[in-house]
2 protein chains.
Amino acid sequence: MLDPVDLQLLAALQRDSTLTAQDLGGMLHMSASQAGRRRQRLEAEGYIAGYRAHVSPEKLGLSVQAFIQIVMATHTAQNAKDFIRLTHTKAEIVGAWTLTGDADYLLRVYCADLAALNDLVQQVLLPHPAVSRVQSQIVMERVKPDAPLPV
Amino acid sequence: MLDPVDLQLLAALQRDSTLTAQDLGGMLHMSASQAGRRRQRLEAEGYIAGYRAHVSPEKLGLSVQAFIQIVMATHTAQNAKDFIRLTHTKAEIVGAWTLTGDADYLLRVYCADLAALNDLVQQVLLPHPAVSRVQSQIVMERVKPDAPLPV
DNA sequence: GGTGAAATCTACCTAGG
DNA sequence: CCTAGGTAGATTTCACC
């Protein structure tokens, strides 16, 4: 189980995982050994799934971010499998979910420019036999991007 | 500028930032010092925006993930400002964007259960004077969650 | 590309409730 | 007996050669 100190620790590490055990101990008013041990426990018990570098999309030239809603033509298991496979083959699709409501899939994509986004829609998504309708919504502003989980 | 090795390095660190310079050197067929120096450069030049711990939503009891589309009643600067402030005060809203198309905002939320999601919609979003319409789509399955950026 | 000092992690040990 | 704080060896980073 997690106590309030664990939650603070998770929050801190979500913001910056380079914080040392000493830093964490200072923030949470405990010794470095204690802070380090807590972190180890959170890792071992699966609360911390991993550590990742956050890359700046802008610096990579990925200036167009969009959400794409997909409606399938027919809902067969094979269609779903095919489409899921497709999402995994395209690197610019960085997230994909099945949702309740009208649309069957929501894709989150990062593209270099509008042309690349259009290519994805026109050359990859729409031609797929299982896909019936595609609606892309381009991100204009990131109001609150990639915040940590509420802990 | 980035060469193919830099891109491989970014890809590797996006998957696991605990890889040491030695690990990276082994993967990319270069010395540890060279790999470490490249990483330093990528950090200094802003390609790597930071390092974060990835926390498991399930382990935290955040079992309901949803996307919420918001239509504003009127599009004034004050409305926008108010609403943006609101998104920042609620921790369960982990992302918010303004989009092209019908909806004015897209929110990404993590909630403990459906009741918490309903509370957010009914008690927080709908009562807000600037908000006209709210449509939540609950995530049923994460087909491709949180993939690294295409590098 | 390699080396060494400084810092960090982690396992172990000791003290206190 | 369990939890907290401290210590030493091993690893890693980073500035310099």
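Letters A, B, ... mirror the listed sequences (proteins, then strands); counts begin at 1. As the structure is a computational prediction, the values presented were derived from the model and not from experiment.
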Report the nucleotide, chosen from D:dG5, C:dG1, D:dT13, that has the shortest atom-to-atom distance to any side-chain atom of A:Q34. D:dG5
Which ILVMFWY residues are connected to B:V71, directly or by a chain of links, through side-chain heavy atoms under 4.5 Å apart? none
Starting from C1' on D:dT12, measure out to OH on B:Y51 and report it in whole angstrom. 14 Å
Nearest of C:dC9, C:dT8, D:dG5 to any side-chain atom of A:S33? D:dG5
Whole-Å gap separating C1' (D:dT7) and CZ (A:R37): 13 Å
Grab the CG-P distance between B:L13 and D:dT13 for me, whole Å please. 10 Å
Distance check needed: D:dC14 P versus B:Q22 CD, whole Å only. 14 Å
Where the side chain of A:M30 is defined as all heavy atoms beyond and including C-beta, which of D:dG5, C:dT10, D:dC14 is the nearest nucleotide? D:dG5
For B:L24 and D:dT12, what is the distance between atoms CG and P respectively, to the nearest whole Å? 12 Å
Members sharing A:M140's hydrophobic cluster, built from side-chain contacts under 4.5 Å between Ile, Leu, Val, Met, Phe, Trp and Tyr, are none
A:D23 has an atom CG; how far is it from atom C1' of C:dA7, in whole Å? 12 Å
Check every strand shown and say whether A:R38 touches a base, only sugar-phosphate, or nothing at a heavy-atom separation below 4.0 Å. nothing
Distance in angstrom units between B:Q40 CD and D:dC14 C1', rounded: 6 Å
Report the nucleotide, chosen from D:dT13, C:dC9, C:dG2, that has the shortest atom-to-atom distance to any side-chain atom of B:S31. C:dG2
So, A:Q78 and A:T76: side-chain donor and acceptor under 3.5 Å apart, yes or no? no
Modelled atom types, side-chain donor and acceptor of A:Q69 and A:R133, under 3.5 Å: no
In whole Å, what is the span from the CG atom of B:L19 to the C1' atom of D:dT13? 15 Å
